[in-house]
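Sequence lines set the chain letters: A, B, ... in the order given, protein chains first and strands last, and positions in each chain run from 1. Both backbone and side-chain heavy atoms feed into the values below; hydrogens, waters and symmetry mates do not.
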There are 2 protein chains.
Amino acid sequence: MMHASPITRRSLAEELAERLRDLVISGGLLPGAKVDEAALCETFGVSRTPLREAIKIVASEGLLTLTPNRGARVATITGSEIAELFPIMGALEGLAGELATARLTDKHLLRLDALHDQICASRNNAKWLNYSKANRAFHELIFEIAGNVALQQTYQGLMVRIHAVRFVAQQPPDAWDQAVADHDGIMAALRARKSREVGRLLRRHLDNKAHAVIAALSAALSAAS
Amino acid sequence: MMHASPITRRSLAEELAERLRDLVISGGLLPGAKVDEAALCETFGVSRTPLREAIKIVASEGLLTLTPNRGARVATITGSEIAELFPIMGALEGLAGELATARLTDKHLLRLDALHDQICASRNNAKWLNYSKANRAFHELIFEIAGNVALQQTYQGLMVRIHAVRFVAQQPPDAWDQAVADHDGIMAALRARKSREVGRLLRRHLDNKAHAVIAALSAALSAAS
DNA sequence: TTTCTGAATTATGAATTCAGAATCTCTCCC
DNA sequence: GGGAGAGATTCTGAATTCATAATTCAGAAA
């Protein structure tokens, strides 16, 4: 028998949901901005039906906000939401760290080390885009090693809701230093295969991040007023 | 000024999404069953457009599975998915327990005690329906006390995906005994306001539950073959 | 019989249409 | 000048329509 051909076309709605997500996360649509159905239909070359399905999906994920008879807007994020989300992400990433430690191979450690080095280098020469890329990759790798797909998906679902702060509050350099210090500790615990410790440090890392973000946010808010 | 009128009719799609969810969770539509659009349009008295939007939403939550050009089916659950989901729920409920302990009032404790008593009573006279109701209420109350809305929502989102096992595997009585014993310990730790301990016990409780469910599932599967 | 083929039927995905709500605009009046 | 309100316009939500893919079923061939 021939090799089975994997022809899996997705529906327009799924495709559009992904495009919408990307638009929101990349900042193509800023928090609070109105989602113009007609314009998006034009740019994507589709009718309103699948686009509206996509909007409903992305709204159910929390990236858009629907108001009856008034359409969709890009979701905004408040300090109290951030204060809620970070501990959850901490619990999830703590679990990921524990699972990852149990499955950690030397090859994994090499990849983590490489990313950690990138993070440090980017911090040292202030390449903040590189820094956040490598940082994201580092955290994603931990989830990948943990090998729990649902865990990663749940985490990602919360993570995307945080994206909005990027457009409101910039992290000051000392927040990076704290993060790098956290990572140092995490790497040490990983190398020692102390899963409980890895979990604890990741929870604390997210807690530190939460404080830094909230501080940056309130600074931005008071500067605006 | 008059009291603001709460005439916020939700969209049909949102309404239908909730009905669909209820249908799936209540067992009105069993795992693996096809979602008949025409029949549902008929029963709900709506056109296909909002119904299909609702289907897309509920599918994005993981309760339905979409296959291109082949419509929607009620999601089924596998042992490996359960093995993934329970640790996540454990991490979340562990966090909820820690947060709840920090905010615990004596009034809260009374309500928890009342539910715990109901659970024990239902176990003793084998009222399974009462048991699971009181059990759910107990766990929900912990999240309510914790006061983190996003945490509860995330937990619920995972919880509903577990519903499908009810139709496949029944819990044996000794699993209930274990659960009641776990609850005893959790109550004691709550009364002592040992938040760390509450978290630890809740994680272990969910871990025990996972093992019980997986055992029941594999028993059901081997019985079926 | 059983299995294969292809037309008829049905279901799905997406575009279009339609009704009603929200928004805008222009006039009129103070 | 500065609203208040009628009417036009635009936008949203939902029904309908249409094209195409999947399924069913009758009939032919083994």
- Message: Test side-chain contact (heavy atoms from CB on, under 4.5 Å) on B:Arg166 and B:Ile25; report intermediate values, then the result.
- Response: CA-CA 10 Å; B:Arg166 290 191 293 129; B:Ile25 292 169; 4.1 Å; yes

- Assign each of B:Ala38 and B:Thr49 to its nearest nucleotide of DNA chain C by heavy atoms, then name whichever residue's nucleotide is nearer the 5' end.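 Result of the comparison: B:Ala38.
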
- Whichever of B:Gly71 and A:Ser47 has its nearest DNA chain C nucleotide further upstream toward 5':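 Closest to the 5' end, via its nearest nucleotide, is B:Gly71.
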
- Task: Give me the ring orientation class for A:Tyr131 and A:Trp176: parallel if the planes are under 30° apart, tilted from 30 to 60°, perpendicular past 60°.
- Result: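 Plane angle under 30°, so parallel.
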
- Task: List the steps, then state whether salt bridge (charged side-chain N to carboxylate O under 4.0 Å, His left out) holds for A:Glu61 with A:Arg161.
- Result: CA-CA 8 Å; A:Glu61 295 166 359; A:Arg161 288 176 57 185; over 6 Å; no

What is the separation between atom [atom1] on [X] and atom [atom2] on [N], rounded to the nearest whole Å?
| X | N | atom1 | atom2 | value |
| --- | --- | --- | --- | --- |
| B:Leu51 | C:dT12 | CG | P | 10 Å |
| A:Arg70 | C:dG20 | CZ | P | 19 Å |
| B:Arg52 | C:dA11 | CZ | P | 13 Å |
| B:Ile55 | C:dT12 | CD1 | C1' | 10 Å |
| B:Leu66 | C:dA14 | CG | C1' | 15 Å |

- Message: For A:Arg19, I'd like to know if atom CZ has over 12 heavy atoms of other residues, nucleotides or ligands within 6.0 Å.
- Response: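 Result for CZ/A:Arg19: open.
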
- For the residue pair A:Arg203 and A:Leu95, what are the closest heavy atoms and their distance? NH1-N, 4.4 Å

- Query: Contact class for A:Ser11 (heavy atom, under 4.0 Å): base, sugar-phosphate, or nothing?
  - Reply: sugar-phosphate

- Task: Pick base, sugar-phosphate or nothing for A:Lys56, based on heavy-atom distances below 4.0 Å to the nucleic acid.
- Result: nothing

- Query: Where does the chain B footprint on DNA chain D start and end, counting 5' to 3' with a 4.0 Å heavy-atom cut-off?
  - Reply: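 That gives a stretch of D:dA14 to D:dT23.
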
- Task: Could you walk me through whether A:Lys56 and B:Glu14 pass salt bridge (charged side-chain N to carboxylate O under 4.0 Å, His left out), step by step?
- Result: CA-CA 9 Å; A:Lys56 292 262 192 321; B:Glu14 284 178 70; over 6 Å; no

